[in-house]
Chemist: 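Got a structure for you, questions after.
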Amino acid sequence: MTTPSASDGARPAGAGRAPSPAALGNAAAADEGQQSLLRLHQVGKNFGPVQALAGIDLDIPAGLVTAIVGDNGAGKTTLIKTISGIWQPDHGEIVWMGRPIHLHSPRDAAKLGIATVYQDLALCDNLDIVQNMFLGREAIRHWQLDENSMELSAKQTLSDLAVMSVRSIRQPVGSLSGGQRQAVAVAKAVMQEAKLVVMDEPTAALGVTQTRVVLDLIGRLARRNIAVVVISHNLNDVMAVADRVAVLHLGRLAAVGPTSRFDTQVIVDLMTTGASTRLRGDAAGSPSADPGNGGSQQSQDNALNAGEAL
Amino acid sequence: MSTDVHEPPPDAVAQADAAAAESAGLAAPEIIANSLGEYARIWAKRVRNGESGALPVILGLVAIVVYFQVRSSLFLSTGNLVNLLVQGAPFILLGMAEVFVLLLGEIDLSIGYGGAIGATVTAWLAFSTPWWIAILGGLAATTVLGAILGTLITRLGLPSFVVTLAGFLGFEGLLIELVARSGHGTGGTIPISNSIIVDLTSGNLTPVASWIVIMAVVVVAGVFMILRDRRRRLSGLVTPPVSVTALKIATMAVAGVVVVLVSNTNRGLATTPLRGLPWVVLVVLGMLMLWTALLGRTRFGRYIYAIGGNAEAARRAGVNVIMIRTLAFTLCGMTAGVAGIVYASRLGSISTDVDGGQLVLFAVAGAVIGGTHLFGGRGKMLNAVLGGLVVAAIYNGLYLLGLQAAPTDMVTALVLLAAVTVDALARRGRRSA
């Protein structure tokens with residue numbers, strides 16, 4: 001489990017929200033690959049004739065929140081399913097902590113410390129919080145489930161994350177609100193010593209209060225030096241919580257960079273057309289990923305250059 | 001950058017918070033109550049929220065007992081009460097078998113005839129081997145049958161309803177074939193030749209032994225509960241109030257004393273007294289404790305509940321869903337074997353006339369009446385005991401009133417419908433709570 005002292009070195013304190021200048025420097029370093037926990041290099045994925053992903057170059061640094069945005073069909077889901085081992089890429093390579101890896105299943109990913117949190121698929125409503133957090137890796141003592149030690153460490157993890165205000169961690173998960181369920185799923189990943197937590201639409205279907213709880217939680221994960229990848233349709237959430245933004249358009253990376261380089265309008269432009277004339281501080285011109293120019297090295301280079309320039 | 005957030009009306013937020021606060025009441029009262037009074041309040045709240053647990057079945061049992069006692073003074077006689085326990089044993093055991101698969105959200109329609117096949121194998125083996133080999137042989141047969149059905153269902157992804165319906169038909173045929181080939185008995189009936197197997201249901205402990213055994217069970221269970229609370233307290237975890245634990249142990253002790261007092265009263269003639277706890281009560285108690293421990297205290301049990309609650313989540317957590325489901329059907333078959341042997345022991349024989357359809361429906365009815373959720377994830381072995389007793393009480397009471405099979409079946413069907421309705425309404429209550 002990540003200790004607070006480890007996160008201190010990797011990231012300035014209090015950088016959970018909009019990045020401070022120091023955090024920006026850190027993110028830039030990550031782009032050079034020094035801090036990169038996970039690196040996708042020219043990753044592509046086809047489903048028959050359909051090119052779902054092409055030439056994706058993306059660095060996921062530890063201790064930062066990377067938001068992946070894009071319109072429906074842009075490849076967001078394909079991308080996280082590739083990261084979490086559900087699908088294998090057809091092209092390119094995935095580098096984890098400097099080592100190329102091949103993920104054949106979600107279990108492979110989980111073993112490395114890549115945890116994916118789905119809003120609805122992750123928890124058993126009829127089991128209580130402790131039982132859910134330890135599902136699949138129960139503690140055993142004298143041939144029996146060691147309920148006490150599991151309850152103690154679940155309690156510890158939840159209080160470390162400081163999100164749960166439940167009365168008892170022995171209540172069934174089905175009785176929790178959406179935000180609390182999300183928190184349990186994240187706490188489960190943290191307890192299993194995940195280094196990278198992938199969250200698919202973590203705030204969809206949540207109310208304002210619960211959304212705030214989940215966004216706070218995401219910030220707290222990053223402060224524990226855990227890399228967080230968030231997919232979201234809600235650009236307000238993205239701007240609030242992400243340190244870095246990656247915009248996908250028709251299976252290509254339209255742009256990637258620190259959140260400060262984007263605003264909602266720029267992201268919308270990039271999501272819908274793959275280009276924006278208003279990208280802040282973009283000396284090299286807008287990144288382009290011409291959808292009609294499928295698979296061309298030129299457009300991939302452009303996207304890559306745009307990403308590096310940021 | 002746009003900063004305006006589309007705020008829902010403030011009362012929606014308040015409602016969400018209120019719902020979250022309310023949901024705290026749904027935790028088991030043991031873990032959040034600090035006193036007996038608070039325990040009772042939380043418990044009452046849970047009942048209102050649809051988490052009624054064993055309450056409906058206990059109320060139903062009381063109502064049934066009162067009704068039949070008013071209609072026939074014989075119902076509460078000690079002879080009939082002990083008879084009720086013995087009669088109920090096969091229903092209870094079949095219900096326990098069904099709980100394994102009901103918890104997964106599956107059903108096994110084959111266990112009536114499956115159990116009868118186990119009884120046939122035991123009866124056949126009993127002609128030439130010691131009683132325990134005969135029983136183990138019978139159990140092995142039903143375990144294998146359960147494993148075959150379970151494998152078909154899980155490996156091929158077939159619906160359990162259809163596969164076990166095929167089992168229902170196929171096992172009836174297999175039963176007829178087995179009885180014919182055994183070369184024992186006549187007219188499709190094999191007698192149980194071993195007196196020990198017959199004594200499973202017709203034999204009794206001595207009155208003194210009855211006291212010793214039941215009190216030992218109560219003391220062991222009580223000490224176990226106290227030690228568990230103590231360990232939780234030492235670990236710094238929330239512990240149920242001492243008064244609640246004491247009340248539970250007292251309830252167990254009173255139930256034990258009543259059962260022994262009833263069993264130890266002479267229910268025979270003055271000249272040939274009949275006293276003591278039937279052996280089969282111990283068989284049921286033993287199975288109850290064994291399976292309760294398996295479901296509650298092992299990974300296997302935890303995974304059964306997890307798969308019943310959300311199979312996809314269990315799979316993602318690394319649970320071997322196929323293996324656990326296959327094992328559940330296997331244990332279901334094995335428990336059905338115990339039920340079949342007890343059933344044959346009570347009749348003193350096993351015949352091709354056994355109504356496996358009625359048996360399995362009584363088993364499902366018993367488990368559901370007792371509070372096991374038909375769609376998986378919720379239920380306990382104790383539910384099957386309580387529900388099996390309800391089914392046996394209806395069966396026994398209507399028989400005492402001289403009613404025939406037709407009204408008996410229809411009344412049981414109505415009780416089953418009532419139980420499923422209570423279950424569905426409770427679920428709706430949970431969702432809207």
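Chain naming here is simple, since letters A, B, ... match the order of the sequence lines and numbering starts at 1 in each.
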Chemist: Taking all non-hydrogen atoms of both residues into account, name the closest pair between A:Lys155 and B:Gly236 and its distance.
Modeler: NZ-O, 3.9 Å
Chemist: Is there a side-chain contact between B:Arg302 and A:Leu127, using heavy atoms and a 4.5 Å cut-off?
Modeler: yes
Chemist: Show the nearest heavy-atom pair for residues B:Ala306 and A:Cys124, with the distance to one decimal.
Modeler: O-SG, 3.3 Å
Chemist: Please determine, among B:Ala311, B:Gly376, B:Gly309, B:Ala317, the option with the most heavy-atom pairs under 4.5 Å with chain A.
Modeler: B:Ala317
Chemist: Any side-chain heavy-atom pair from B:Leu237 and A:Leu152 closer than 4.5 angstrom?
Modeler: yes
Chemist: Keeping A:Asn126 on the side-chain end and B:Gly377 on the backbone end, is there a donor-acceptor pair under 3.5 Å?
Modeler: yes
Chemist: So which of A:Arg137, A:Glu138, A:Glu147 has the biggest tally of heavy-atom pairs under 4.5 Å with chain B?
Modeler: A:Glu138
Chemist: Return the CZ to CD1 distance between B:Arg316 and A:Ile86, rounded to the nearest 0.5 Å.
Modeler: 5.0 Å
Chemist: Under 4.5 Å, heavy atom to heavy atom, which residues of residues 290-299 of chain B contact chain A?
Modeler: B:Gly296, B:Arg297, B:Thr298, B:Arg299
Chemist: Among all residues two or more places apart in sequence or in another chain, which pass the salt bridge (Lys or Arg N to Asp or Glu O under 4.0 Å) test with A:Asp125?
Modeler: A:Arg181
Chemist: Which pairs with one or both residues in residues 127-136 of chain A pass side chain to side chain donor-acceptor pair (under 3.5 Å), sequence neighbours excluded?
Modeler: A:Asp128-A:Arg170
Chemist: Could you pull out all residues at least two apart from A:Trp87 that satisfy side chain to side chain donor-acceptor pair (under 3.5 Å)?
Modeler: none
Chemist: At a 4.5 Å cut-off on heavy atoms, which part of A:Leu135 comes close to chain B: side chain, backbone, both, or neither?
Modeler: both
